[in-house]
Novice: 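What follows is a single structure, and I will ask about it in a moment.
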Number of protein chains: 2
Amino acid sequence: MTPVTRPQGGAPDGRPSATSSTSERLIESTRALLWERGYVGTSPKAILQRADAGQGSMYHHFSGKPDLALAAIRRTAEEMRAEVARLLDGPGTALDRIEAYLRRERDALKGCPVGRLTQDPDVMADPALRAPVDETFDWLRSRLTEVLAEGAARGELAAGLDPAATAASVVAVVQGGYVLARAAGAPAAFDQAVTGVLALIAGHATAGSR
Amino acid sequence: MTPVTRPQGGAPDGRPSATSSTSERLIESTRALLWERGYVGTSPKAILQRADAGQGSMYHHFSGKPDLALAAIRRTAEEMRAEVARLLDGPGTALDRIEAYLRRERDALKGCPVGRLTQDPDVMADPALRAPVDETFDWLRSRLTEVLAEGAARGELAAGLDPAATAASVVAVVQGGYVLARAAGAPAAFDQAVTGVLALIAGHATAGSR
DNA sequence: GTCTATACCTAGATAGAC
DNA sequence: GTCTATCTAGGTATAGAC
């Protein structure tokens, strides 16, 4: 285990600052490349160039590409979970918090760094790499289910709505919104999908909470 | 142009029958591999083995990997469009037809062969390869928008719903449903997302049409 | 139209010097 | 910890025989 003084030391664009440790730069570069090009599309060489490191460094800190990818995927999953948790734990009605999640700032054309991995056959084939992805969506759906159930219990939302099914739809709209935005080459399609599902849910808000 | 006697001669699993022409087998094999592994993850070698063809054949019929992929992508996009058109042009209320689209038979774990391509940087970077993807989703959204607008005009659906936004949500739920299913390793997550959005829309159906 | 041979580059990893 | 060879396999394409 390497002592790391700046565990999240990467710049937001995935270009690690020159003051980070080498293993830190490797992880951040891998995160950025996995997001942009996926696992099969990311070569050790590309990672090394981006991290400004040599072959030796990479194989000193990690056993190989899968090991480095695992560190990168774990960190990405943790980060996403923390950010979303903050929004869903926030104040306001259930609908407010769902809306905060749906409308949170994001680059729709880049897509979801976790959801993207589901399209990578080599990631899905490796139980270790796939676990963080599975767990993230599992957590996300159950957390949204809780928020929706809470909304129904508080009388904010119609009791007829199935919280789990609605939660799945909400997560799916986000993931599918990215697909639409990327296909169109414009983020508007994402926003439209979000607006659509929010309007559908708002239609089930009770009179008192509107 | 090679005369092709069986333009759709491939078996459903992407294992082209031995009686198809070589170029036909190449296209069908490429379609299957693009679906399974994406563009970057698909090598000419893998295509040739699956199609039981040699190097020479491939470079005789196509100028290279991008050219062959283009033929494969175009056919996949056309096929998808035809299948969905059949469902949306069918009988029944707007809600019936949307449900037919959402619940059509599919292997949720395989995902969408068109939507998958949006995660392929090399596909998105090539205008020729990207065009069929863009056009497919464009068509799909506008066709669903028409169906929803028709439903509102006929008084089946509440007039307050924005047809375009709702259509985007419906497509997004499908695409995102695949992501959830693949992450979970089980198709149930897809079904749940579909059930959720259908319930939300059904809540906006007018009393007379229920 | 299809085959084989060949070519050159990259992917991914190891070895050993410093 | 990092560097520079070095290695084997595969990706992608061309050349020319049949």
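Only a predicted model underlies this, so the values are computations on that prediction, with no experimental measurement involved. Chain letters run A, B, ... following the sequence lines, proteins first, then strands; residues in each count from 1.
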Novice: Counting only heavy atoms from other residues, nucleotides and ligands, does the tally under 6.0 Å from CZ of B:R106 exceed 12?
Specialist: yes

Novice: Which dot-bracket string fits DNA chain D when only Watson-Crick or G-U wobble pairs with both atom distances under 3.5 Å count, crossing pairs get [ ], and | stands for a partner on a different strand?
Specialist: ||||||||||||||||||

Novice: Rounded to the nearest Å, what distance is computed from the CG atom of residue A:D52 to the P atom of nucleotide D:dG1?
Specialist: 18 Å

Novice: Starting at atom CZ of B:F62, determine the distance to atom P of D:dT14, rounded to an integer number of angstrom.
Specialist: 16 Å

Novice: Do NZ/NE/NH1/NH2 and the carboxylate oxygens of B:R97 and B:D89 come within less than 4.0 Å?
Specialist: no

Novice: Take the protein atom CG of A:L26 and the nucleotide atom C1' of D:dC3, then report the distance between them rounded to whole Å.
Specialist: 14 Å

Novice: So, is B:T22 close to the C:dT2 phosphate, meaning a side-chain N or O under 4.0 Å from OP1 or OP2?
Specialist: yes

Novice: Given atom CG of B:L48 and atom P of C:dC3, what is their separation to the nearest angstrom?
Specialist: 10 Å

Novice: Closer than 3.5 angstrom, by distance alone: can the side chain of B:S57 be matched with the main-chain N or O of B:A53 as a donor-acceptor pair?
Specialist: no

Novice: Shortest non-hydrogen contact from A:G151 to A:A94?
Specialist: CA-CB, 3.6 Å

Novice: Could you check whether B:K110 makes a cation-pi contact with B:Y178, meaning its NZ or CZ is under 6.0 Å from the centre of the six-membered ring and within 45° of the ring axis?
Specialist: no

Novice: Could you tell me whether the side chains of A:R31 and A:T76 share a donor-acceptor contact shorter than 3.5 Å?
Specialist: yes

Novice: Output a table of nitrogen or oxygen pairs between the protein and nucleotides 9-13 of chain D separated by less than 3.5 Å.
Specialist:
from	atom 1	to	atom 2	distance (Å)
D:dG11	OP1	B:S43	OG	3.3
D:dT12	OP1	B:K65	NZ	3.3
D:dA13	OP2	B:Y59	OH	3.1
D:dA13	OP2	B:K65	N	3.3
D:dA13	N7	B:Q55	NE2	3.4
D:dA13	N6	B:Q55	NE2	2.5

Novice: Please give, in whole Å, the distance from C:dG12 C1' to A:D67 CG?
Specialist: 14 Å

Novice: Please find the pair of heavy atoms, one from A:Y39 and one from A:L34, that lie closest to each other, and give the distance.
Specialist: CA-CD2, 3.6 Å

Novice: Between C:dC3 and B:H60, is there an OP1 or OP2 to side-chain N/O distance shorter than 4.0 Å?
Specialist: no

Novice: Is the closest basic N to carboxylate O distance between B:E146 and B:R143 below 4.0 Å?
Specialist: yes

